[in-house]
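Right, one structure below, let's go through it.
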Amino acid sequence: MMKYCLSLLLLLGLLVSCTNEKKSAPQLDQATAQKYMAEISSDYYEGRRPFTRGEKRTVEYLKKEIQAMGLEPVAGSYTQDVPLVEIVGHQGETMTLKTQNGEMILEKNEDFVVHTEGNQAEINMEDAEMVFCGYGIVDKSRNWNDFEGQDLKGKVAVVMINDPGFGGEDSTFFKGDEMTYSGRWTYKYEEANRQGAVGLLIIHETASAGYPWYVIKSSWTGTLLGIKKKDTDADCPIKGWISRDQAIALFENSGLDFTETIKSARKPGFKALPLNATCSVSLKSDFKEDVSQNVLGMIKGSKYPEEYIIYTAHWDHLGISTAVEGDSIYNGALDNASGVAAVMSIAKAFSEEGNRPERSIIFLFVTAEEQGLFGSLYYAENPLVPLDKTVCNLNMDGVNPIGAMKDFTIIGLGNSTMDEIAEEEAKKQGRYILPDPDPSKGYFFRSDHFCFVKVGVPALYGEGGYEHEEKGVEYAKEYKELYLEKHYHQPSDEFDPATWNFEGMMQDGQLYLNIGHRLANSREWPEWKEGSAFSR
Ligand SMILES: [Zn+2]
């Protein structure tokens, strides 16, 4: 009798919990995640470089898998063409600066680099006037305009990297040492286009840039990739960098003290200064157009199908390149087969759930992240569903292979109410929230979520990584340092089923799934916070 009662109670309990948890999130399956991980990071995909056989194979595989899950196409297709252009630049050997105190001859790659994002095969810039425009920033919310009263047409703007807050005492002036978007070179390029300058030269400084000159040299010479532009006549055709030493010499030859001038550029009310100098440089460029692909699929919402949650992970990596210890395939296991595997597993779990979510969920695997976030940038500029109906973006880029963490570290904490949503869900996993430990590096601007942020869609980008559940803070730190030193963007970023601990991927993946599930079954719209540089 007792036994029956108990069984009945259990049965009742089960029924109750079934009905109550009708909306509980589906669970990620580790075997599924492992299968995706092993596949996508294998040598067969040849490092997944855009435009290669590796791309074809990756796109085919992802497409086949999401179709098998029963995901629907978006705007009639499982892929989005991303027209890109490969640009090989041939800089003139030297750049000539004519100053009040005579001519300066700068050597290419050692003293300057220039390239074009436009479509002119040959550019000969001759004796263009140079103007020092502080940090090259126009920011209405901060009442800041480095171009005030200047007409840059036909002129070269010379600007500092980073923003006026960097290296100062005041963490509320801009954001102190934390880089704001206007401190990034990408912003400065965009502003130079808006100002109609004929050239932009960014003054490099190791501390402010976050990397030494050799990174400039290797990043901006050789083959560059860009989004194919429709009409680039209006854009600033010559963009580049000059070394700090040459900038100091140029300022001196213009009768300006470099240190004092930079100091004044950091104060409100700074006015751009003509350098009484001109710049001549030439640049030839070869262009090759090609089309890469974003891959995507959708689970249509049952109640609000016109509102969308978008998961992203970049499928691309560096391909086959310089061999290191006999290995030339850059598998990019962590970067970013792991994120793709996690998002694929999330898609699979949602697709197997009995109940459709109320809102639609899109799983978007973007291309060409490594060369400049081009797949996500292209999507943001050519969205397949309306941006104002896009509730949020949930982006995964690199999931730790060493196990579960006590923290969930949010890159770009403080921008939107995605923080609070993530915090509530992380707490249910027994985890705490942390901000980016190194915000001066600008990581917030360096993965695909940022392209959504720029067009006003709140986004989440984070991962556990500070405190290992069993082995603590030091262990996690040592792993991170080892990865950055030995494996980041190296052929050795490989999947090893024997040593990889999948608990981290399961934990972060489940958290991402729970957040998406919650937002897909609510009327909640994450909002931008006051003081954030972004808005809908
Ligand atoms: Zn990468």
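We number each residue from 1, following the sequence as shown. Only a predicted model underlies this, so the values are computations on that prediction, with no experimental measurement involved. In each ligand, atom 1 is the first atom listed, and ligand 1 is the first ligand listed.
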Number of protein N/O/S atoms less than 2.8 Å from the Zn ion (ligand 1)? 4
Derivation of the side-chain contact (heavy atoms from CB on, under 4.5 Å) call for I123 and Q120: CA-CA 7 Å; I123 305 171; Q120 281 173 263; 3.8 Å; yes
By ring-ring contact (aromatic ring centres under 6.0 Å, His included), which residues pair with Y443, not counting sequence neighbours? none
Mind checking what makes side chain to side chain donor-acceptor pair (under 3.5 Å) contact with Q293, not counting sequence neighbours? D81
For R446, all residues meeting side chain to side chain donor-acceptor pair (under 3.5 Å), sequence neighbours excluded: none
Between D508 and L511, is there a donor-acceptor pair closer than 3.5 Å when you use the side chain of the first and the backbone of the second? no
Determine whether D286 and H90 satisfy the following criterion, side-chain hydrogen bond (donor to acceptor under 3.5 Å, both in side chains), listing intermediate values before the conclusion. CA-CA 8 Å; D286 303 325; H90 312 279; 2.9 Å; yes
